[in-house]
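Single-structure report; data block below.
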Amino acid sequence: MATSTPDNEVPNASPIPKEAEKPPIEPLRLPTVEEIRGQDIWNNCAVRSVFSGVMGGALGLAMGLFIGSLDNPITRDEMSGKQQFVYQAKQMGRRSWSSAKAFAVMGFVFSAAECVIEKARAKHDTTNTVVAGCVTGGTISAKGGPKAACVGCAGFAAFSVVIEKFLDRHD
């Protein structure tokens, strides 16, 4: 007598064990001494701030080169090719240096403020970004007086929150 099997089962096939469906559990790996030292160095506010300042300066340099290359002399028709080249190179150099300084200061101040506030509050949230943005905006625009510092504080804080939400770094 022949036995019948349901349509979805293959005769003489063994069922798939449940353990094979789950991904294997990997053992917990503790960080190495070098990884811990690297993390300790990066958690230092001074190191983080200097690095942000250098990277901000590099970004400002690149932006200054790009924007400076777009400047056209007003008296372009009266200049020779060599004079136009020299003028363009000087404009790019001035614009690059100015942008590099501005972005370096901005990166340094923002990173230092955010790091110090984060360590003082012992929290990593959007409030740190708002306060750091306010400190940065106020510091950069302080030469214009108290009104300019307040506007800079509010503007940079709002900009920082928008960037924070765009990057979605915090819950």
Side-chain angles (χ1 to χ4, degrees), residues 23 25-74 83-171:
I25 297 174
E26 296 182 20
L28 181 64
R29 186 184 74 82
L30 295 175
T32 64
V33 174
E34 290 82 14
E35 289 172 335
I36 293 171
R37 282 187 191 143
Q39 195 171 25
D40 286 344
I41 290 170
W42 184 247
N43 285 336
N44 185 334
C45 290
V47 171
R48 191 182 292 187
S49 301
V50 169
F51 182 78
S52 294
V54 170
M55 294 307 291
L59 176 67
L61 184 72
M63 286 183 62
L65 283 173
F66 176 72
I67 293 170
S69 69
L70 300 177
D71 286 344
N72 284 326
I74 296 171
Q83 288 173 329
Q84 287 181 19
F85 180 78
V86 169
Y87 176 83
Q88 200 76 23
K90 286 181 180 178
Q91 283 299 104
M92 287 172 64
R94 281 188 214 111
R95 191 69 72 113
S96 296
W97 181 245
S98 174
S99 294
K101 287 191 303 186
F103 275 80
V105 168
M106 199 180 315
F108 180 83
V109 171
F110 183 84
S111 182
E114 186 177 41
C115 184
V116 168
I117 292 163
E118 187 174 303
K119 290 201 184 285
R121 293 184 67 231
K123 285 184 181 179
H124 186 67
D125 60 3
T126 307
T127 304
N128 301 342
T129 304
V130 172
V131 176
C134 181
V135 168
T136 305
T139 301
I140 290 172
S141 58
K143 288 183 181 177
K147 187 175 181 180
C150 288
V151 170
C153 168
F156 210 90
F159 176 72
S160 298
V161 169
V162 169
I163 294 298
E164 187 77 19
K165 294 299 179 189
F166 177 73
L167 295 177
D168 198 29
R169 288 188 352 187
H170 304 299
D171 294 331

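Keep in mind that the numbers below use all heavy atoms, side chains included, and drop hydrogens, waters and symmetry copies.
Between the side chain of Thr129 and the backbone N or O of Ser160 there is no donor-acceptor pair closer than 3.5 Å. Within the 3.5 Å criterion, the main-chain N or O of Arg94 finds no donor-acceptor partner in the side chain of Ser98. In this structure a side-chain-to-backbone donor-acceptor pair under 3.5 Å is missing from Thr136 to Met106.
Exactly one of Lys119, Arg121, Glu114 qualifies for a side-chain hydrogen bond (donor to acceptor under 3.5 Å, both in side chains) with Asn128. That residue is Arg121.
The two residues Ala149 and Ala142 make their nearest non-hydrogen contact at CB-CA, 4.2 Å. Taking every heavy atom of both residues into account, Ala132 and Ile117 meet most closely at N-CD1, 3.9 Å. Shown here for Glu118 and Lys123, the closest heavy-atom pair between the two residues is CG-O, 3.1 Å. Residues Val116 and Cys45 approach most closely at N-SG, 3.8 Å, considering heavy atoms. Nearest heavy atom pair, residue Ser141 against residue Gly137, reads OG-O, 2.6 Å. Listed here is the closest heavy atom pair of Ser99 and Gly64: OG-CA, 3.9 Å.
Expressed to the nearest 0.5 Å, how far CD1 of Ile140 lies from CZ of Phe110 amounts to 10.5 Å. To the nearest 0.5 Å, atom CZ of residue Arg48 and atom CG of residue Asn43 are 5.5 Å apart. Between the CD atom of Glu26 and the CG atom of Leu28 there is a distance of 10.5 Å, given to the nearest 0.5 Å.
Ring-plane geometry between Phe51 and Trp42 is classed as perpendicular, the angle between the planes exceeding 60 degrees on a 0 to 90 degree scale with a lower cut at 30.
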> Between Glu164 and Val130, does a side chain to side chain contact (heavy atoms under 4.5 Å, CB included) hold up when you go through it step by step?
Replying inline: CA-CA 9 Å; Glu164 187 77 19; Val130 172; over 6 Å; no
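Atom CE of Met92 is surrounded by more than 12 heavy atoms from other residues, nucleotides or ligands within 6.0 Å. Residue-environment remark: CD (Gln39) stays at or below the threshold of 12 foreign heavy atoms within 6.0 Å.
Between Ile36 and Asp40, some side-chain heavy-atom pair lies under the 4.5 Å cut-off.
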